[in-house]
Number of protein chains: 2
Amino acid sequence: MSVMWTVKVVGLGVVAFSLSVELLWRLLRRLKPPATLNEVLFFPSEVACMEHIFSPASPNSCCCPLPHGVETSFTHLLRFILSASSSLDLCLFSFSNMDLCRAVLYLYRRKITVRVLVDKEYSVITGSQVGALRKAGICVRNVGRYVHMHHKFALVDGRRLITGSLNWTLAAVQCNSENVLVTEEPRLVQPFVREFCRLWADNDPSQNVPFSDQNVAHN
Amino acid sequence: MSVMWTVKVVGLGVVAFSLSVELLWRLLRRLKPPATLNEVLFFPSEVACMEHIFSPASPNSCCCPLPHGVETSFTHLLRFILSASSSLDLCLFSFSNMDLCRAVLYLYRRKITVRVLVDKEYSVITGSQVGALRKAGICVRNVGRYVHMHHKFALVDGRRLITGSLNWTLAAVQCNSENVLVTEEPRLVQPFVREFCRLWADNDPSQNVPFSDQNVAHN
C-alpha cells in the first residue's frame with residue numbers, strides 16, 4: 001500500500017510539473033510582443049512607374065513608357081511613407097524628388113499632420129520641392145544654424161523611423177548606391193523623435209531670433 | 001489515513017508545481033539574450049582632443065589647446081570603431097577625417113582585418129585619407145559603377161553596424177547636424193553585411209573588367 005501511494009505521489013508530482021511547465025510556456029508565448037519592424041532598403045532602385053502606388057484602384061491609368069506595377073526599393077519606401085495615419089515629420093537635407101513630394105502632399109490632403117525641417121541653403125536649390133510644400137500649406141522650417149543640416153530622416157506616426165544615406169532626390173534614388181533603414185525599435189526611434197522636436201523648437205521663426213542676428217548680438 | 005495521504009499528495013503536487021514554475025522562470029531568465037545594442041549619436045560633436053582615446057594610459061600626454069578628456073559623440077563613435085576585435089569593413093562615400101583614419105590604422109597595426117570600399121571619384125579629393133590607408137597596406141577598392149557610392153557605414157566584427165548620414169570628414173563631425181546609428185540588431189546588420197560582400201566582390205580589380213570597359217564591350 002505504501003509503495004502504491006509513493007508511486008501515485010510521484011506520478012501526481014510529475015503530472016503537476018508537466019502541466020505547470022506547459023502552462024507557463026503558453027503564457028510566455030502569448031505575452032511575447034510581436035516582432036519589431038526592422039528593414040533595410042538598398043538603392044539605386046529600378047526605374048519604374050509609381051502610378052500604382054498612388055492610384056491602386058486604377059493601376060493601368062498611366063500610359064508612360066516606364067515598366068508598370070513593378071515593386072522596387074523605391075515603391076517600398078513610398079509605401080512606408082504613405083502608411084502614415086496621424087503624422088509625418090521630415091528632416092531633410094535636400095528634397096527634390098517629385099514622387100516623394102507627391103506622397104507628402106497626398107498625406108497632407110488626407111489630414112495627416114506634416115512638419116518639415118530642411119537645410120536653409122539646400123531648400124532653394126533648383127528643383128527643390130520645398131516651395132511646393134509651402135504652397136500647399138505645409139509648415140516648413142529652415143535650419144540655418146549648421147554648415148549643413150545633413151539629416152535625411154522621416155518619422156511616421158512618431159513610432160516608425162525611416163533614415164539612411166539617401167537624400168530625397170531623383171539622382172539618389174535612381175543613380176546612387178544608397179541605404180535606407182526602416183525601424184520601429186524604440187531605442188533607435190525615440191532619439192530621432194527628440195532630435196526632431198529639438199530642431200523644430202529651435203527653428204521656430206516666431207520664437208527665435210535668427211542665428212545670424214544672435215551672432216551679431218553676441219559679438 | 002486516507003485523508004492524510006490526500007493532504008500529502010495535494011501538498012506535494014503544490015510544491016512540485018511551485019518548484020517547476022520557479023525552475024522554468026530562472027531557466028528562461030538565464031536563456032534570455034542580453035539586450036541588443038541600439039544607440040544613436042548626434043552631431044555636430046563638441047570639438048575636443050582625442051588623445052585619451054588613442055593613448056588611454058597617458059591621457060595627459062597631449063598639450064594641444066583643445067579640451068582634454070571630454071566625452072563627446074565623436075569619442076563614442078571612435079570607441080565603437082576601436083572596439084573591433086577581428087574585422088572592420090568600411091563602405092564610405094568620403095573619408096578625410098584624420099582621427100577616424102588614425103583609428104583605422106591603429107586597428108590594422110593590431111592585426112584586425114580591414115577592408116575598405118570607397119567612392120572612386122571622392123577617394124582622390126583633397127584631404128582624402130584613402131592614400132594613407134593604401135600606403136599602410138590596407139586593401140581599398142574603388143566603387144565606380146554608380147554616380148555616387150553614397151554609403152557611410154562600418155561593420156565591426158561583422159555583427160555591429162555603424163551607419164547614418166555622417167560622412168567621415170572633419171566638417172561633418174564638427175559643423176553639420178548629423179546622425180549615426182549603432183546597432184547589433186541582426187535584421188539591420190545582416191543586409192549590410194550582404195551589401196558589403198556584394199560590393200566587395202563586384203569591385204575586385206583582379207576579377208572584374210572595369211565598368212567603363214564593360215560598357216564598351218556591350219555597345
Side-chain angles (χ1 to χ4, degrees), chain A residues 1 5 8-10 12-21 23-25 28 35-44 91 93 119 143 145-153 161 163-167 171-172 174-179 181 183 185-192 194-195 198-199, chain B residues 1 5 8-10 12-21 23-25 28 35-44 91 93 119 143 145-153 161 163-167 171-172 174-179 181 183 185-192 194-195 198-199:
Chain A
M1 187 68 175
W5 269 109
K8 279 183 185 173
V9 168
V10 171
L12 268 167
V14 168
V15 168
F17 180 83
S18 311
L19 278 175
S20 56
V21 167
L23 191 73
L24 192 66
W25 190 253
L28 285 171
T36 309
L37 173 73
N38 278 303
E39 257 192 65
V40 184
L41 306 173
F42 289 106
F43 294 80
C91 191
F93 173 54
D119 181 78
V143 182
R145 184 161 296 199
Y146 309 100
V147 171
H148 289 309
M149 193 288 282
H150 201 234
H151 293 301
K152 32 250 206 165
F153 71 83
L161 170 68
T163 190
S165 68
L166 185 98
N167 287 312
Q174 293 187 356
C175 311
N176 290 357
S177 185
E178 305 266 9
N179 64 75
L181 293 89
T183 181
E185 164 57 48
R187 284 172 298 160
L188 296 176
V189 179
Q190 285 310 311
F192 278 88
R194 288 192 292 273
E195 178 72 351
R198 187 187 68 80
L199 288 169
Chain B
M1 186 68 176
W5 269 107
K8 279 182 185 173
V9 167
V10 170
L12 269 167
V14 168
V15 168
F17 180 82
S18 310
L19 278 174
S20 54
V21 167
L23 189 74
L24 191 68
W25 191 253
L28 284 172
T36 309
L37 173 74
N38 278 304
E39 256 191 68
V40 184
L41 306 172
F42 289 106
F43 294 80
C91 192
F93 173 53
D119 181 78
V143 182
R145 184 163 296 198
Y146 308 100
V147 171
H148 289 309
M149 193 290 282
H150 201 235
H151 292 302
K152 32 260 238 129
F153 71 83
L161 170 68
T163 189
S165 68
L166 186 98
N167 287 311
Q174 292 186 357
C175 311
N176 289 356
S177 185
E178 305 266 9
N179 64 75
L181 292 90
T183 180
E185 163 57 48
R187 283 171 299 160
L188 295 177
V189 179
Q190 285 309 311
F192 278 88
R194 288 193 291 273
E195 178 72 351
R198 186 187 70 80
L199 287 169

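For the numbers below, each heavy atom of this structure counts, side chains included, while hydrogens, waters and symmetry mates do not.
Rounding to the nearest 0.5 Å places OG of B:Ser177 at 11.0 Å from CZ of A:Arg145. To the nearest 0.5 angstrom, B:Asn176 atom CG is 6.5 Å from A:His150 atom NE2. Annotation: the span from B:Asn38 atom CG to A:Asn38 atom CG amounts to 7.5 Å, rounded to 0.5 Å. Here the NE2-CZ distance, from B:His151 to A:Phe43, works out to 10.5 Å after rounding to the nearest 0.5 Å. For the atom pair CG of B:Leu181 and OG1 of A:Thr183, the computed distance is 8.5 Å after rounding to the nearest 0.5 Å.
In this structure, chain A has no heavy atom under 4.5 Å from any part of B:Leu19. Contacts between A:Phe192 and chain B at a heavy-atom distance below 4.5 Å involve backbone atoms as well as side-chain atoms. Neither the backbone nor the side chain of B:Gln190 comes within contact range of chain A; no heavy atoms are under 4.5 Å apart. Both the backbone and the side chain of A:Glu178 come within contact range of chain B, judged by heavy atoms closer than 4.5 Å.
Per-residue heavy-atom pair counts under 4.5 Å with chain B were compared for A:Gln174, A:Glu39, A:Glu195, and the maximum is reached by A:Glu195. Top candidate by heavy-atom pairs under 4.5 Å with chain B, chosen from A:Pro44, A:Cys175, A:Ala16, is A:Cys175. Of all the listed residues (A:Leu188, A:Leu166, A:Leu12), the one sharing the greatest number of non-hydrogen pairs under 4.5 Å with chain B is A:Leu188. With respect to chain A, the highest number of heavy-atom pairs below 4.5 Å among B:Leu199, B:Val40, B:Leu23, B:Asp119 belongs to B:Val40.
Remark: side-chain polar atoms of A:Arg187 are paired, donor with acceptor, to backbone N or O of B:Thr36 under 3.5 angstrom.
Take A:Ser18 and apply the side chain to side chain contact (heavy atoms under 4.5 Å, CB included) test, not counting sequence neighbours, and it matches A:Val14. Shown here are the ring-ring contact (aromatic ring centres under 6.0 Å, His included) partners of B:Phe17, two or more places apart in sequence or in another chain: there are none.
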